[in-house]
Amino acid sequence: MKGTVDILANPIEYLKGVGPQRADLLKKELNIFTFKDLLELVPNRHIDKTKVNLVRDITPQTDFIQIAGVLKSSGLMGEKRGKRLVAEIKDATGTLELVWFQGITYIQKMLTVGQTYLVYGKVTFFQGQPQITHPEMEVYNRENKEGKSTLEPVYPSTEKLKSRGMGGRQIGHFTETLIKLLQENNIPEILPESVLQPLQLMPRFKAFVNVHFPSDPETSQQAINRLKFEEFFIAQIRMGLLRQQRHRYSKGVVFSQVGEIFNRFYEQYLPFELTGAQKRVIKEIRRDTGTGKQMNRLLQGDVGSGKTIVALLVLLLAIDNGYQGCLMAPTEILTQQHFNSITNLLKDLPVNVRMLTGSTKIRERKEILQQLEEGTIHFLIGTHALLEDPVKFKNLGLAIVDEQHRFGVAQRARLWKKATVPPHILVMTATPIPRTLAMTAYGDLDTSIIDELPPNRKPILTVHRYETVRSQVMDFIKAEITKGRQAYIIFPLIEESEKLDYENLMKGYENVQAYFPEPKYWISMVHGRQTNEVRTTNMQRFKTGDTQIMVGTTVIEVGVDVPNASVMVIESAEKFGLSQLHQLRGRVGRGSEKSFCILLSGSKLNNEARERLKIMCATNDGFKIAEKDLELRGPGDIEGTRQSGALNFKLASIVQDRKWLEIAREMAERLLDDDPDLASATNLQLKNYLQALQGKTAWSKIS
Ligand code: ADP
Ligand code: MG
């Protein structure tokens, strides 16, 4: 804190017993640079010093154990790469082998035959004999048993640290020194009573002490919970402040009226009746864009819920109010598709729509850039090329980012800069994102949800089949084609440049051709190695029904819309992630015909892959799948959030600790409702703490 010397900011080498060499290791191996970093290193677990196991009691089920015994022998064995240090420790009941492969010379020097040691480590069996590799050793004396706290912390460590005598237990000597050094005023309370009290949270100082040296397991858990909560709470308060600041102070352009173009389109050209959810979302957006504040909104909806038409209507709203709009899509194919369908829908209306992608020809690009600045283009559709600096608008009022839930704060900031008054921003997700992820990565956004599919959709029937029955699957496709339907067959191509994947795709294509010979059948193929022209032509032929089968890679993953297609076959489905599978499946079931998704896999499946396929067969609900995906894979990265820290929780996990996150969210909102400026004396410490954090991230401005 300001004024006082912050002891926690001290470099780690200044801690008694550490020194420059060990400090170097701590920095390299565990990212510990300061006292604070060490304080925040949470033990993996605690071991009870008073509990010493006996060699006799070791069984194949034994995990970590602690043995007290005399070192009988130690010596080097093996040669070159097989070289190892082997020692024997003996207690009253038997002898156990200890093995080291690294740091051998150092360890050998430290060991004294005849000395009694306390040995700790994980038991493994080698040729039927129990042993511990890289155990942690300390000289055994009575004090080991009679420390104040009997629970000794074991910290995360690395082989390198262990081989330098800094295993998971030895680091405990450093934290012990540190904790002794710290006083309550070094770690002041930052949470107000109004938060601590109802949740019965442990005071901050006590929590840190007990995370390292708890009096009992229960206190240890309470201490950890307190710190996890704090982490979530601070993040939520910061998000809340950002949101609130935008609501209060940001200036946005005003879309005050629903005008002529919107109304004409709505009455004459809208191809279907909007669902209730679509109408509600448009209302939410209208309200938001009419206030004079800048809108930053996340639109969530499952695959096929009809986000595009919402985007189009909102764009018309912008145009009616004299502003330009842009729509950004993640791929060229999708950009092209949006452009085609939107120009088609708007063909009788006075709206000038243009498209800009990486493959736009130089001359056309020049023209587009010029007309954008002059304001004669109303509405620009494009890929990431839109974000580039030369793309300047006359008066951009609205930017929509489609099918891109991996679009973080930093990317949004690039859009804000495209106009003097930042444009309204609408980010539309490709599939739903889990609640907890929305709260953390997008906590600064307002959210709208389309929770209803257009009417007459029949649920997609999903099945899992082994590759051995591929010919039956092909017969099924034939039957569907006879009924006038179309089918996708997707091959994994994780990296478009991967040669093996490419060969697989080609083999697959030939195989499909053998089943479906011309001229009775026609096949389109799209993949990432084609030129955009070829890809677009092939896509277009499938769309118009010239071809009945589309063989492709995940380039068609998002957004592609061919309502007549009723079968989605995914080859090597075990190689895809859940959200990808769901997204691919979403290419069918877009019309009123019954649709099918067939997941083909090899017969050897690991548990996680099996689980994914099972979930896919069990549900069509993108919200449920998103939660499962998060459970199985963790949060991953969202562009631009890694640096900003939105998902960097040291202790808490948005998967395991989601309950705490929900509570933190609620408490943060309540606190900001009561005291939006953190002006009250009770929130002073919190405010100070946040201000100290400020500046560590570029996008946090706390007034
Ligand atoms: P997504 O939310 O996945 O982007 P789309 O906007 O591509 O979904 O819409 C999926 C399909 O549903 C499209 O063919 C679209 O024309 C159609 N659609 C959208 N809204 C409705 C509606 N209210 N009634 C009927 N069909 C609709
Ligand atoms: Mg879409």
Side-chain angles (χ1 to χ4, degrees), residues 265-267 269-283 285 297-316 326-346 381-383 400-407 426-433 447-460 485-486 488 539 542-545 550 554-566 568 579-595 597 620-623 625-626:
F265 178 78
Y266 200 94
E267 277 147 31
Y269 303 106
L270 191 64
F272 36 67
E273 170 85 4
L274 294 182
T275 62
Q278 285 169 323
K279 285 183 192 159
R280 191 191 66 237
V281 167
I282 289 169
K283 257 191 217 141
I285 294 171
R297 191 167 277 278
L298 179 72
L299 174 56
Q300 288 213 59
D302 208 342
V303 196
S305 61
K307 294 180 288 282
T308 320
I309 198 74
V310 171
L312 178 57
L313 284 162
V314 180
L315 281 163
L316 295 182
C326 68
L327 173 63
M328 198 172 95
T331 62
E332 294 238 7
I333 287 192
L334 190 51
T335 304
Q336 182 78 49
Q337 177 186 285
H338 278 330
F339 180 74
N340 293 347
S341 67
I342 287 173
T343 43
N344 189 36
L345 283 168
L346 298 181
I381 302 179
T383 54
I400 300 184
V401 183
D402 187 26
E403 303 281 7
Q404 194 131 38
H405 58 255
R406 310 253 139 193
F407 194 76
L426 183 67
V427 176
M428 307 199 294
T429 64
T431 52
I433 53 180
T447 310
S448 289
I449 296 184
I450 304 186
D451 51 7
E452 180 187 353
L453 292 178
N456 301 326
R457 290 274 172 82
K458 301 215 175 68
I460 303 161
R485 307 279 96 78
Q486 290 163 281
Y488 295 95
M539 197 63 232
F542 186 64
K543 203 158 181 159
T544 53
M550 163 68 79
T554 48
V555 293
I556 68 129
E557 177 182 343
V558 287
V560 170
D561 187 38
V562 181
N564 188 50
S566 67
M568 165 61 67
S579 67
Q580 225 177 2
L581 289 172
H582 182 58
Q583 194 45 246
L584 282 168
R585 174 170 62 183
R587 297 311 107 222
V588 297
R590 301 173 86 80
S592 52
E593 294 309 319
K594 173 134 191 78
S595 296
C597 174
N620 275 306
D621 183 339
F623 287 88
I625 289 174

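Atoms within a ligand are numbered from 1 in the order they appear, just like the ligands themselves.
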Checklist entry - Does ligand 1 have a heavy atom under 4.0 Å from the side chain of Thr308, from its backbone, from both, or from neither? => result both
Next on the checklist: Could you walk me through whether Asp402 and Lys307 satisfy the salt bridge (charged side-chain N to carboxylate O under 4.0 Å, His left out) test, starting with their C-alpha distance in whole Å, then the side-chain angles of each, then the deciding distance to 0.1 Å, before giving a yes or no?
Outcome noted: CA-CA 9 Å; Asp402 187 26; Lys307 294 180 288 282; over 6 Å; no
Atoms of ligand 1, numbered as shown, that sit under 4.0 Å from any heavy atom of [X]:
X	value
Ser305	2 (O), 8 (O)
Thr275	23 (N)
Arg590	3 (O), 5 (P), 7 (O), 8 (O), 9 (O), 10 (C)
Leu274	23 (N)
Arg457	10 (C), 11 (C), 12 (O), 17 (C)
Val303	3 (O)

Checklist entry - What pair of heavy atoms forms the shortest contact from Thr335 to Ala329, and how long is it? => result OG1-CB, 3.6 Å
Checklist outcome for this item: Scanning both residues in full, the closest heavy-atom pair of Gln337 with Asp561 reads OE1-N, 2.8 Å
Item to check | Option whose closest heavy atom lies nearest to atom 1 (P) of ligand 1, chosen from Gly304, Gly276, Ala277, Pro455 | outcome: Gly304
Next on the checklist: Between the side chains of Glu452 and Arg457, is the shortest nitrogen-to-carboxylate-oxygen separation below 4.0 Å, so that they form an ion pair?
Outcome noted: no
Item to check | Within-shell test, Glu273 vs ligand 1, heavy atom, strictly < 4.0 Å | outcome: yes
Checklist entry - Mind checking whether Gly301 has a heavy atom under 4.0 Å from ligand 1? => result no
Checklist entry - Looking only at distance, does Pro454 have an N or O less than 3.5 Å from an N or O of ligand 1? => result no
Next on the checklist: Taking distance alone, with N or O pairs closer than 3.5 Å, would you say Gly306 contacts ligand 1?
Outcome noted: yes
Checklist entry - Taking Lys458 for the side chain and Gly591 for the main chain, is one N or O donor matched with an acceptor at less than 3.5 Å? => result no
Checklist entry - Under 3.5 Å, side chain of Asn620 to main-chain N/O of Pro459, donor-acceptor pair present? => result no
Checklist entry - Are a donor atom and an acceptor atom from the side chains of Gln278 and Thr275 found within less than 3.5 Å of each other? => result yes
Item to check | From Leu313, Val281, Val310, residue fulfilling side-chain contact (heavy atoms from CB on, under 4.5 Å) relative to Leu274 | outcome: Leu313
